[in-house]
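This is the structure, below, for whatever I ask next.
None of these values were measured; they are calculated from a predicted model.
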Amino acid sequence: MSTSIHWRSFQAPNEQQCPSSGNVVRIAPNDLSFNTPEAARDIYYHVINGRPKLLKSEDYKRTELASMATVRDVADHRRQRSSISKAFSTVAAREKQGIIDTYAEKLVHYLQEHGCGSDGLDVIPVYTWLTPRLEAEMDLFDYLIADGVATREELISQSMIFLAAGSGTVQSALTGATFYLLKNPQALEKLQEEVRDALESVDEITDQSTSCMPYLNAVIQEGLRLFPPLPSRLPRVSPGAIIDGHYVPKGAVVSATTYDMSRDSRYWYQPDEFWPERWISSNDRREASKPFSTRPRACIGVNLALLEMRLVLARLVYTFNMESVSRSEKWDEGLKVYFLWKKPPLRVRFTPIVGR
């Protein structure tokens, strides 16, 4: 059984609803939820062979000026994305490493002072402190200002969504990875060995060095699969289209939720298990995990987010031994969804390694 998380109402993620054998489920009179990578392709990918585009649903309608994440007009979205895309390129992300290192070092110092007590600390407010500061320091809007196209209102609208989306994504990803590593000590030990064997000092934690750590990257991808930062639906309106072999009439709302697909036993071996090795060598259908959505409206900050995750997680693993405290091994049982995750405290003890 897989879990279907709905767009509007609260849902406990471990409530079983939709059988994993169902490719499409009607969740409201005019609302269909698909559960296949093929449906995700048909709903969200670029238009091919003259197929009509599926536009964002009424759920995205805003009274204020729409940001890139909420704008429904295709041409307006293309204009906004073009203006900001240079700020989130792979090259631009690498240029931000110095800023990430500065705040990651501050995070380490805080954990050294406050995280080694018998009760540990709740990592969620700590990760929440870290990520907005990274986003605020990166001058992402220099590109928009230099472009000279964006209005003052657009700059305000984009800044609000980028601070919220960027910081929430990385915070959730780090929280999920921390939880699953602590719940699976063999995976944590394997990650510790990879990171510590590859580095002589913390100064060697770079974009290049962490990119060459297969298990670190597999841990991040597996954490994102089991705990995608955006667990809810991204609804689109059918113009009258074939979606994964099903004709969907004009006006019907459709979606394909990555949370459902990433827990489906048709696509994953032991889907509820944290097994990073599946991202190194397995027969799993990796395209069934889309934590950053998919093109052309995929998360524009994916390169920067993955860089932040690699650098911060590598530094934590290199510097500390980590242990869960206060029943944190059952942390996922307290998760709830109100479009985004509502997380219970996750208490972790960080014991500094002597000499680091």
Query raised in the report: More than 12 heavy atoms of other residues, nucleotides or ligands under 6.0 Å from CG of D197: is that the case?
Result: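 Buried by this count: over 12 neighbours within 6.0 Å.
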Query raised in the report: Between S255 and R233, which heavy-atom pair has the shortest distance, and what is it?
Result: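 Shortest heavy-atom separation between S255 and R233 comes out as OG-NE, 2.7 Å.
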**Report entry** Spatial distance of atom CG (L55) from atom CZ (R236) [nearest 0.5 Å]
**Finding:**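 The CZ atom of R236 is 8.5 Å from CG of L55, to the nearest 0.5 Å.
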Report task. Identify the residue among L32, V24, V248, T36 that makes a side-chain contact (heavy atoms from CB on, under 4.5 Å) with I243. Result ->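 Option passing the side-chain contact (heavy atoms from CB on, under 4.5 Å) with I243: V248.
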Query raised in the report: Are any of the side-chain nitrogens in D101 or R315 under 4.0 Å away from the carboxylate oxygens of its partner?
Result: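 Yes.
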Requested in this report: Please tell me if the side chains of H246 and F34 come closer than 4.5 Å, counting only heavy atoms from C-beta onward.
Outcome: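 Side chain of H246 against side chain of F34, heavy atoms only: contact under 4.5 Å found.
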Requested in this report: Kindly indicate whether the side chain of D119, heavy atoms from C-beta on, has any atom under 4.5 Å from the side chain of V325.
Outcome: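 They are not in contact (no side-chain heavy atoms under 4.5 Å apart), so the answer is no.
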Query - Spacing of E189 atom CD and N321 atom CG [to the nearest 0.5 Å] - result: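 Answer for the CD-CG pair, E189 versus N321, is 10.5 Å.
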Query - Heavy-atom pair with the smallest gap, counting every atom of L226 and P271 - result: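 The pair with the smallest heavy-atom distance is CD2-O, 3.4 Å.
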**Report entry** Side chains of I353 and T319 in contact at under 4.5 Å (non-hydrogen atoms)
**Finding:**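 They are not in contact (no side-chain heavy atoms under 4.5 Å apart), so the answer is no.
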Query raised in the report: Can you find a side-chain donor-acceptor pair between T206 and S209 that sits under 3.5 Å?
Result: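 Side chains of T206 and S209: pair found under 3.5 Å.
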Query raised in the report: Do V108 and E105 come close enough that some side-chain heavy atom pair is under 4.5 Å?
Result: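 When only atoms from C-beta onward are counted, E105 and V108 do not touch, as no gap falls below 4.5 Å.
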Query raised in the report: Taking C-beta and beyond as the side chain, do Q270 and S265 meet within less than 4.5 Å on heavy atoms?
Result: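 Heavy-atom side-chain distance check fails, nothing below 4.5 Å.
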Report task. Kindly give the heavy-atom pair with the smallest separation between V126 and Y110, and that separation in Å. Result ->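 Smallest heavy-atom distance, with atoms named: CG2-CE2, 4.0 Å.
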Requested in this report: Kindly determine whether F179 and D332 satisfy side-chain contact (heavy atoms from CB on, under 4.5 Å), including the steps that lead there.
Outcome: CA-CA 8 Å; F179 166 70; D332 57 338; 3.5 Å; yes
**Report entry** V348 vs E323, side-chain contact (heavy atoms from CB on, under 4.5 Å): CA-CA, chis, key distance, verdict
**Finding:** CA-CA 6 Å; V348 180; E323 306 169 77; over 6 Å; no
Query raised in the report: Are side-chain heavy atoms of Q112 and F350 found at a separation under 4.5 Å?
Result: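 Q112 vs F350: side chains apart.
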**Report entry** T128 side chain reached by L130 side chain, heavy atoms, under 4.5 Å
**Finding:**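 Not in contact.
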Query - Between Y127 and T178: side-chain donor-acceptor atoms closer than 3.5 Å - result: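 Yes.
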Requested in this report: Answer with yes or no whether the hydrophobic clustering places F274 together with L335; edges join I, L, V, M, F, W, Y residues whose side-chain heavy atoms lie under 4.5 Å apart.
Outcome: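 Cluster IDs for F274 and L335 match.
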Query raised in the report: So how far is it from R278 CZ to Q221 CD, rounded to the nearest 0.5 Å?
Result: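 So the gap between those two atoms works out to 12.0 Å.
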Query - Backbone of W275 reached by a side-chain donor or acceptor of Y180 within 3.5 Å - result: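 Looks like no, no N/O pair under 3.5 Å.
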Query raised in the report: Are R225 and W268 in a cation-pi setup, meaning NZ or CZ lies under 6.0 angstrom from the ring centre and within 45 degrees of the ring axis?
Result: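 Yes, R225 and W268 form such a contact.
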Report task. Search all heavy atoms of V337 against all heavy atoms of S232 and return the closest pair with its distance. Result ->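 That closest heavy-atom pairing would be CG1-OG, 3.6 Å.
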**Report entry** Joint hydrophobic cluster, L224 plus Y269, side-chain heavy atoms closer than 4.5 Å
**Finding:**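 L224 and Y269: separate clusters.
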Query raised in the report: For V170, does its backbone N or O pair with a side-chain atom of E308 as donor and acceptor, under 3.5 Å?
Result: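 No, because the side chain of E308 does not come within donor-acceptor range (under 3.5 Å) of the backbone of V170.
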Query raised in the report: Would you say the side-chain atoms of K290 and S262 include a donor-acceptor pair closer than 3.5 Å?
Result: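 Absent: no donor and acceptor within the cut-off.
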Query raised in the report: Is the shortest side-chain N to carboxylate O distance from E277 to K190 below 4.0 Å?
Result: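 Result for this pair is yes, salt bridge flagged.
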Query raised in the report: Between F227 and W331, is the ring centre distance below 6.0 Å?
Result: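 Ring centroids of F227 and W331 are less than 6.0 Å from each other.
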Query - Ion pair K183/E329, N-O distance below 4.0 Å - result: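 No, no charged N to carboxylate O under 4.0 Å.
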Query raised in the report: So, D207 and R310, do they make that salt bridge, N to O below 4.0 Å?
Result: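 Here D207 pairs with R310 in a salt bridge, since their nearest N and O are under 4.0 Å apart.
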Query raised in the report: Between the main-chain N or O of D284 and the side-chain N or O of S282, is there a donor-acceptor pair closer than 3.5 Å?
Result: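 Yes, the answer is positive, given that a donor and an acceptor are paired below the 3.5 Å cut-off.
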Query raised in the report: Do L199 and L107 share a hydrophobic cluster, counting only Ile, Leu, Val, Met, Phe, Trp and Tyr and linking them when any side-chain heavy atoms are less than 4.5 Å apart?
Result: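 Yes: a chain of side-chain contacts under 4.5 Å links L199 to L107.
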Query raised in the report: Only one of T258, D272, N35 forms a side-chain hydrogen bond (donor to acceptor under 3.5 Å, both in side chains) with R263, so which one is it?
Result: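 With R263 as partner, T258, D272, N35 yield a single side-chain hydrogen bond (donor to acceptor under 3.5 Å, both in side chains), made by D272.
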Requested in this report: Would you check, one step at a time, whether the test side-chain contact (heavy atoms from CB on, under 4.5 Å) holds for M322 with L188?
Outcome: CA-CA 9 Å; M322 298 184 290; L188 177 57; 4.0 Å; yes
Query - N-O pairing of E38 and R285 below 4.0 Å - result: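 Result for this pair is yes, salt bridge flagged.
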Requested in this report: Verify side-chain contact (heavy atoms from CB on, under 4.5 Å) between D42 and I242, making sure each step is shown before the conclusion.
Outcome: CA-CA 8 Å; D42 292 340; I242 302 294; 5.7 Å; no
Query raised in the report: Is V202 reachable from L191 through a run of hydrophobic residues whose side-chain heavy atoms are each under 4.5 Å from the next?
Result: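 Yes, because L191 and V202 connect within a single hydrophobic cluster, where side-chain heavy atoms sit under 4.5 Å apart.
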**Report entry** Intermediate values then yes/no, salt bridge (charged side-chain N to carboxylate O under 4.0 Å, His left out), D122 and R347
**Finding:** CA-CA 4 Å; D122 179 11; R347 301 199 68 85; 5.7 Å; no
Query raised in the report: Would you say F292 and L230 make side-chain contact, with heavy atoms under 4.5 Å?
Result: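 Counting from C-beta outward, F292 and L230 never come under 4.5 Å.
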Requested in this report: Could you tell me the separation between the CG atom of N23 and the CG atom of D264, rounded to the nearest 0.5 Å?
Outcome: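 That separation rounds to 8.5 Å.
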**Report entry** Heavy-atom pair with the smallest gap, counting every atom of I27 and S33
**Finding:**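 Of all heavy-atom pairs spanning I27 and S33, the closest is CG2-CB, 4.0 Å.
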Query raised in the report: What's the spacing between E113 CD and H109 NE2 if we round to 0.5 Å?
Result: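 Nearest 0.5 Å value for the CD-NE2 distance: 8.5 Å.
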Requested in this report: Kindly confirm or rule out a cation-pi arrangement of K106 over Y103, judged by NZ or CZ under 6.0 Å from the six-membered ring centre and within 45° of its axis?
Outcome: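 Ring-cation test returns yes.
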**Report entry** Closest heavy-atom pair and its distance - S211, N217
**Finding:**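 Heavy-atom minimum between the residues: O-ND2, 3.6 Å.
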Query raised in the report: How long is the gap from OH on Y318 to CD on E200, to the nearest 0.5 Å?
Result: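 That separation rounds to 7.0 Å.
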Requested in this report: Group every Ile, Leu, Val, Met, Phe, Trp and Tyr by side-chain heavy-atom contacts under 4.5 Å, then state whether I43 and M261 land in the same group.
Outcome: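 No, it is not one cluster - the side chains of I43 and M261 are not joined through contacts under 4.5 Å.
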